[in-house]
Amino acid sequence: MQLNESTYETMFLLYIDNELSPKERLEVEAFIANNPSYALAMEALKATVLSADNIPYAFKENLKQQLDATSLEALEEDWEEHGNTTYATILKEDMQAIPGLSTYFKNTLKKETVSQGKIITPFRFNQNKFTYAAIAACLMVFIGYQQLTKIELPPSTASQLVKTELSNASPKTSVNNIEPVATIKQTATIKLQVSKSSNQRDFNKFQNASIAIAEPTRNNGNLNNQAIITKLPSSYNNPMTMDALTTEAISIEVDTEPTIDEKATTSYEVIDTEDPNRTIFIANFEIDSNKLRGLKRKVNSLFKNNKSERNK
Amino acid sequence: MTDKDYNDCVDNFADGVYRFIVKNIRHTEDAQDIVQSAFEKLWVNRAQVLPEKAKSYLFTVAYHQMIDHIRKSNKMPLAEETSIPHQPINQGQAELKQLLMRAVNQLNPTQKSLVLLKDYEGYSYQEIGEIMNLSDSQVKVYLHRARLILKNKLSAYAPTTS
């Protein structure tokens, strides 16, 4: 800032507040030396600066905190008094001073090297672990719920499960014997259920087939209640990738009333092996978003209740 | 900050904090209470306060507690100290100091605190701004106004200084 009549007061105030750089201070002093009329103005401003005034606070000792005698600082000071003597030496000397100990025991005192300790950190239940545990707990509850709501089928009908997968492009269906129906958007699990009232002769036909393919017939784009069951050679053992080979087609009535099994989101794939006494079941769990949403709502309400109780 | 650092703060800064408060509110017991509260707060929060920031922390806490105290008690400057006697300034340095202090007591609380922090503690504009929650420009403007007020008051009663 250039020193002149309009700016000198600001510069003088900064000067007495010690807010100018050394170079600027020299400029101000030079300005006053060249213009003695401004010296009085500077003196007047300097007179407004309060001089040091010592007012002691009488209760300092009351403010101070008593240092703990066993604090680290005290131990360090105590340790420094012993100089280079090791703690084992001090301990040995102290043991020698104890009258009840035998001389043999005192002489056998050794300086033992202390191995470096290992700090055992306690289990910290941080946010991530809590999240994982919560997810695992929810998953276990959901699986348990699914297992409880599942209706066990008799052995005769359990072997009649059929899983059918449909896609929009080329519906493929893997069928083992006969059973269930359900529709889920693009993929559908069809459970063809053969009731006791259905044709016993057709039922027996499919019971003998190890692998079959079922394709639901469509009526104006809607899934029909009828499915064409295609019987395949029993030697074929890869139903998931196989195209529908039509060897024998039979139309079967499918129950229109949804059963509990149809509501359940669990479907089974049965793979028959060559051994007639051995059957492999592959379970596929599908999460029902409505049930999951209800479960999530209950968990949220539980946590909200706990939070509100804590606030109270 | 360790316990030892805290005790060092008591030794080094208690006088300054007490002087700053008692000069502002001019009430000894209240000033002692404010200083005690400020150091209690420092003790409670000593783990979060760095030793080099302890002085600024103490003045900040004490200043805000003083403002709260003034608001609660609604204490006004003492009547007998609001008027400056007509005395020639050249009677000595003690009289000049007394006149200046009485002029300072006529400033508003913000200007008074600014002058005390600047002259007694030597804080920079930035440090004063942090303590009083003001910008650097505000500190500069308010302090310069206070200086000019003091200058005018002194010159009015001491023609030799003008």
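Each chain gets a letter, A, B and so on, in the order the sequences are listed, and its residues count up from 1.
In this structure, B:Ala14 and A:Leu63 approach most closely via the heavy-atom pair CB-CD1, 4.4 Å. For B:Ser124 against A:Glu19, the heavy-atom pair with the smallest separation is CA-OE2, 3.5 Å.
Residue contact with chain A, scored on non-hydrogen atoms closer than 4.5 Å, involves the side chain of B:Leu143 exclusively. Both the backbone and the side chain of B:Gln32 come within less than 4.5 Å of a heavy atom in chain A. Only the side chain of B:Val104 has a heavy atom closer than 4.5 Å to any heavy atom of chain A. Looking at A:Glu9, only its side chain comes within 4.5 Å of chain B, counting heavy atoms on both sides. Proximity to chain A is limited to the side chain of B:Tyr6, based on heavy atoms less than 4.5 angstrom apart. Residue B:Leu148 touches chain A through its side chain alone, counting heavy-atom pairs closer than 4.5 Å.
Contacts with chain A (heavy atom to heavy atom, under 4.5 Å) involve these residues of residues 108-118 of chain B, listed by number: B:Val115, B:Leu116, B:Lys118.
The CG atom of A:Asp17 sits 16.0 Å away from atom OH of B:Tyr123, with the distance rounded to the nearest 0.5 Å. Note that the CZ atom of B:Phe39 and the OH atom of A:Tyr57 stand 8.0 Å from one another [nearest 0.5 Å]. Remark: B:His144 NE2 to A:Phe12 CZ distance equals 12.5 Å, nearest 0.5 Å.
No other option in A:Leu50, A:Ile16, A:Ile55 has as many heavy-atom pairs under 4.5 Å with chain B as A:Leu50.
The side-chain heavy atoms of A:Leu14 and B:Tyr125, taken from C-beta on, include a pair separated by under 4.5 Å.
A side-chain donor-acceptor contact under 3.5 Å links B:Arg147 to the backbone of A:Thr48.
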